[in-house]
Amino acid sequence: PVCNEKAGPGDGLVAGTWNLFDPRFTLDYRVNPEVLLYATAARGSKSGGINQAVAALQPKIYDPEQNWTYEVGSKSSLANGKITLNASAFYIDWTDMQIRTNLPGTLGTFTGNVSGVKSKGIELELEAAPTDALLLAAGYGYNDAKFKNNAVNASLASTCAAITEVGFKCSTNIGGNRLTNSSHHT
């Protein structure tokens with residue numbers, strides 16, 4: 001990624017440019033006409049951006065968020081298509097995840113990057129059609145999403161330095177904490 005703090009001499013503008021490539025790889029194997037096994041690996045990304053000026057301590061630019069997602073699973077159509085059973089396990093490895101952060105002492109927020117997040121889990125789906133007029137469906141998902149042990153909210157570095165100078169405790173280390181707004185069970 002290429003980021004320029006100023007777009008032009010003396011104009012006060014902020015600009016950012018990023019080049020992203022998101023490949024996807026899939027392997028599948030049909031065990032028989034009813035059962036398909038598969039594995040995928042895919043890279044995803046979200047563009048970086050520019051924060052609106054709220055405070056001098058916030059970063060002006062935030063970097064792209066990128067992840068690699070790995071999934072293995074099976075898709076089954078059983079009992080002449082009356083039962084569908086799907087199962088999968090996944091692992092997602094994020095770098096530079098974008099998170100909204102509150103500016104201490106203000107109502108303002110900004111977007112910053114966190115060094116590392118991982119998520120792993122399973123998903124199960126079951127559908128049964130005992131009659132032509134009735135379809136029963138159930139699903140379950142387990143997700144364990146956490147900041148990696150060495151994860152740092154680098155966007156808080158200058159804010160923490162200023163807060164610590166006046167006697168308050170502040171840390172940019174968020175490693176091991178659960179990812180906000182992610183549920184364990186669905």
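If you read the sequence from its start, that first residue is 1, and numbering goes on from there. These numbers were taken from a predicted model, which means no experiment stands behind them.
- Looking at residues two or more places apart in sequence or on another chain, you find a ring pair (Phe, Tyr, Trp, His ring centres under 6.0 Å) between Tyr142 and His184, His185.
- Around atom CZ of Arg100, more than 12 heavy atoms belonging to other residues, nucleotides or ligands sit under 6.0 Å away.
- There is a side-chain donor-acceptor pair under 3.5 Å between Ser119 and Asn143.
- Atom CD in Glu65 sits 10.0 Å away from atom CD1 in Ile99 (nearest 0.5 Å).
- Tyr140 and Glu125 share no donor-acceptor pair across their side chains, judged by distance under 3.5 Å alone.
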Open item on the list: Assess the residue pair Gln66 and Asp96 against the criterion (side chain to side chain contact (heavy atoms under 4.5 Å, CB included)); give the C-alpha distance rounded to whole Å, side-chain angles, the decisive distance to 0.1 Å, and a yes or no.
Closed with: CA-CA 7 Å; Gln66 298 179 320; Asp96 291 328; 5.9 Å; no

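- A pairwise comparison of heavy atoms in Arg178 and Ser183 identifies NH2-C, 3.8 Å as the closest pair.
- Proximity of Ser47 to Tyr62: side-chain heavy atoms (C-beta onward) are nowhere separated by under 4.5 Å.
- The hydrophobic cluster containing Phe90 also contains Phe147, counting ILVMFWY residues as joined when their side-chain heavy atoms lie under 4.5 angstrom apart, directly or transitively.
- Follow the hydrophobic side-chain contacts under 4.5 Å out from Val117 and you never reach Tyr70; the two are in separate clusters.
- We find the CG-OG1 distance between Asn67 and Thr95 to be 8.0 Å, quoted to the nearest 0.5 Å.
- Asn86 contributes atom CG, which lies 9.5 Å from atom OG of Ser77 (distance to the nearest 0.5 angstrom).
- Within the 4.5 Å cutoff, the side chain of Leu136 has heavy atoms near those of the Pro130 side chain.
- Atom OG1 of Thr69 is separated from atom CG of Asp22 by 10.0 Å, given to the nearest 0.5 angstrom.
- Contact of the Ser88 side chain with the Ile122 side chain is not registered, since no non-hydrogen atoms from C-beta on lie closer than 4.5 Å.
- Taking hydrophobic clusters as Ile, Leu, Val, Met, Phe, Trp and Tyr residues chained together by side-chain heavy-atom distances below 4.5 Å, Ile92 does not share a cluster with Trp68.
- Distance check, rounded to the nearest 0.5 Å: OG1 of Thr111 to CD1 of Ile61 gives 13.0 Å.
- Between the OG atom in Ser76 and the CG atom in Leu37 there is a gap of 7.5 Å [rounded to 0.5 Å].
- Atom CG of Asp132 is surrounded by 12 or fewer heavy atoms from other residues, nucleotides or ligands within 6.0 Å.
- Under the 3.5 Å distance criterion, the side-chain polar atoms of Thr131 are matched with a main-chain donor or acceptor of Leu134.
- Residues Glu127 and Ile83 are not in side-chain contact: their nearest non-hydrogen atoms beyond the backbone lie 4.5 Å or more apart.
- Side-chain atoms of Arg43 come within 3.5 Å of backbone N or O of Phe21 as a donor-acceptor pair.
- Taking 4.5 Å as the limit, every side-chain heavy atom of Trp94 sits out of range of all side-chain heavy atoms of Lys118.
- For Leu135 against Ala129, the heavy-atom pair with the smallest separation is CD1-CB, 4.2 Å.
- Taking 4.5 Å as the limit, some side-chain heavy atom of Asp93 sits within range of a side-chain heavy atom of Lys148.
- Here the options are Arg30, Lys75, Glu71, the test is side chain to side chain donor-acceptor pair (under 3.5 Å), and the partner is Tyr38; only Glu71 passes.
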